[in-house]
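One structure, as structure tokens, below. Some questions next.
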Amino acid sequence: MPELPEVESVRRRISPAMVRARIKAVDLRRPDLRRPFPRHFVKRLTGETIVALTRRAKYLLASLSSGETLLMHLGMSGWFRVVRDRATAGVGARPATIDPHDHVVFHMSSGKAVVFNDPRRFGVMDLVPAGALQEHPSLSRLGPEPLSDDFDAAALAQACRGKKTSLKAALLDQRVVAGLGNIYASEALHVAGLSPGRPASILATPAGAPREAAYRLAAAIKHVLENAISRRSEDNYRASPFLVYDRLDEPCLKKRCSGSIRRRTQGGRSTFYCPVCQQ
DNA sequence: CTGTGTTCCTGTTCGC
DNA sequence: TGCGAACAGGAACACA
């Protein structure tokens, strides 16, 4: 689930338990996720206060009082939950959880335990020394944050200028815009009325100036992400909140459109779209 | 440098 | 019901 809106939602949900709280103890249940945990992971976290919890693209960033930053990525199946921390943290403490995919437990001075669960283990955790955050390999090449003023039609067009790859692949490229994933890339292209297979270069003139489609797509990206965040924050779940994703063969929801949703594979991943109203 | 394909891992769903 | 295949929301890496 974790694309930008889900990560933002997680950030807001776990912030009350973590921010301005001290990490009393850390249970580390295995040596690695997708990559090994950094050296002295538990030692460097224990006793630290989390000063702030922010998000960049799909990364969560916990700023520690030591100046280090705990960088976390949810991968494909990563999730956090907050539980009351009945168990006293420390040696011999009974784990607060029994799920075999609970890999990390943060015992906070707020009285809550924040549990990281990730069946597929595509998640990542790293500790970044003070001052080294911008240069971190996971962050340094990221494009603009889609909901910031840095991202607009001009930025999108510039990034896609001359690109031979498809629009869908371009939206998944975190250097073009940071935080979209497979679901919201499909959704944004649908809202913008653009066919996912068209070359990304159509967004810009040869000189790099935005064409009309770039304005539509930049606005659609912001719209789709803002909608998803507000819906999640309201905890307002519905059967399928999406316009095209996972709606194969269902009628297109756009007004006065007679199309039905198709699926195709691009770059080994499913793209959902309406062949009638997306040109 | 650019674009494409593979790979990491486990759980769920689908067709026979 | 059982079983294998296909597929799943990410991103680093190898290669042409």
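All values below come from the heavy atoms of this structure, side chains included, with hydrogens, waters and symmetry mates left out. Quick caveat: nothing in here was measured; it's all calculated off a predicted structure. To find a chain, count down the sequence lines: A is the first, B the second, and so on, and within it residues start at 1.
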- Message: Would you measure the distance from the P atom in B/dG5 across to the matching atom in C/dC7 and give it in whole Å?
- Response: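 After rounding to an integer number of Å, I get 15 Å for this pair.
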
- Looking at A/S270, does any N or O in its side chain come under 4.0 Å of the phosphate oxygens OP1/OP2 on C/dA8?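 It does, given that an N or O in the side chain of A/S270 lies less than 4.0 Å from OP1 or OP2 of C/dA8.
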
- Taking atom CZ of A/R198 as the centre, does the number of heavy atoms from other residues, nucleotides or ligands within less than 6.0 Å exceed 12?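 At most 12 heavy atoms, drawn from other residues, nucleotides or ligands, come within 6.0 Å of this atom.
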
- Message: Quiz question: going by heavy-atom distance under 3.5 Å, is there a donor-acceptor pair between the base of B/dC9 and the side chain of A/R120?
- Response: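 Yes.
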
- Answer yes or no: is there an ion pair linking A/R22 with A/E48, defined by an N-O contact shorter than 4.0 Å?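 Salt bridge flag = no for A/E48 with A/R22.
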
- Query: At what distance, to the nearest 0.5 angstrom, does OG of A/S166 lie from CG of A/L194?
  - Reply: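 Taking OG in A/S166 and CG in A/L194, the distance rounds to 12.0 Å.
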
- Message: So, does A/R269 get its side chain near the phosphate of C/dG10, meaning an N or O under 4.0 Å from OP1 or OP2?
- Response: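 For C/dG10, OP1 or OP2 has a side-chain N or O of A/R269 closer than 4.0 Å.
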
- Query: Ion pair present between A/E145 and A/R56, side-chain N to carboxylate O less than 4.0 angstrom?
  - Reply: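 Salt bridge flag = yes for A/R56 with A/E145.
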
- Message: Between the side chains of A/R263 and A/D249, is the shortest nitrogen-to-carboxylate-oxygen separation below 4.0 Å, so that they form an ion pair?
- Response: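 The answer is no: the pair does not qualify as a salt bridge.
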
- Message: Using OP1 and OP2 only, check whether a side-chain N or O of A/Q174 sits under 4.0 Å from C/dA11.
- Response: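 So the side-chain polar atoms of A/Q174 do come within 4.0 Å of the phosphate oxygens OP1 or OP2 of C/dA11, strictly under.
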
- Any pair with a residue in residues 255-279 of chain A that passes ring-ring contact (aromatic ring centres under 6.0 Å, His included), sequence neighbours left out, goes on the list, sorted by first then second residue, please.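 Of all non-adjacent pairs touching residues 255-279 of chain A, those that pass ring-ring contact (aromatic ring centres under 6.0 Å, His included) are A/Y245-A/F272.
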
- Of all of residues 153-171 of chain A, which get a heavy atom below 4.0 angstrom from DNA chain B, listed by number?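 Contacts with DNA chain B under 4.0 Å: A/K163, A/K164, A/T165.
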
- Would you indicate what A/R121 reaches in the nucleic acid, counting non-hydrogen atoms under 4.0 angstrom: base, sugar-phosphate, or nothing?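 Touches sugar-phosphate only.
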
- Item | Near-parallel close stack of A/F122 and C/dG10 base (under 5.5 Å, under 30°) |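 Yes.
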
- Query: Got a minute to check which stems DNA chain B is part of, using Watson-Crick or G-U wobble pairs under 3.5 Å, three or more consecutive?
  - Reply: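 Ordered by first number, the stems with DNA chain B (at least 3 consecutive pairs each) read B:2-8 with C:10-16, B:10-16 with C:2-8.
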
- Query: If only side-chain N and O atoms of A/H101 are considered, is one of them under 4.0 Å from the OP1 or OP2 phosphate oxygen of B/dC9?
  - Reply: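 It does not, given that no N or O in the side chain of A/H101 lies less than 4.0 Å from OP1 or OP2 of B/dC9.
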
- Message: Looking only at side-chain N and O atoms, does A/D118 offer a donor or acceptor that is under 3.5 Å from a partner on A/S77?
- Response: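 A/D118 and A/S77 do have a side-chain donor-acceptor pair below 3.5 Å.
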
- Rounded P spacing from B/dC14 to C/dG9 in Å: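 B/dC14 and C/dG9 have their P atoms separated by 15 Å.
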
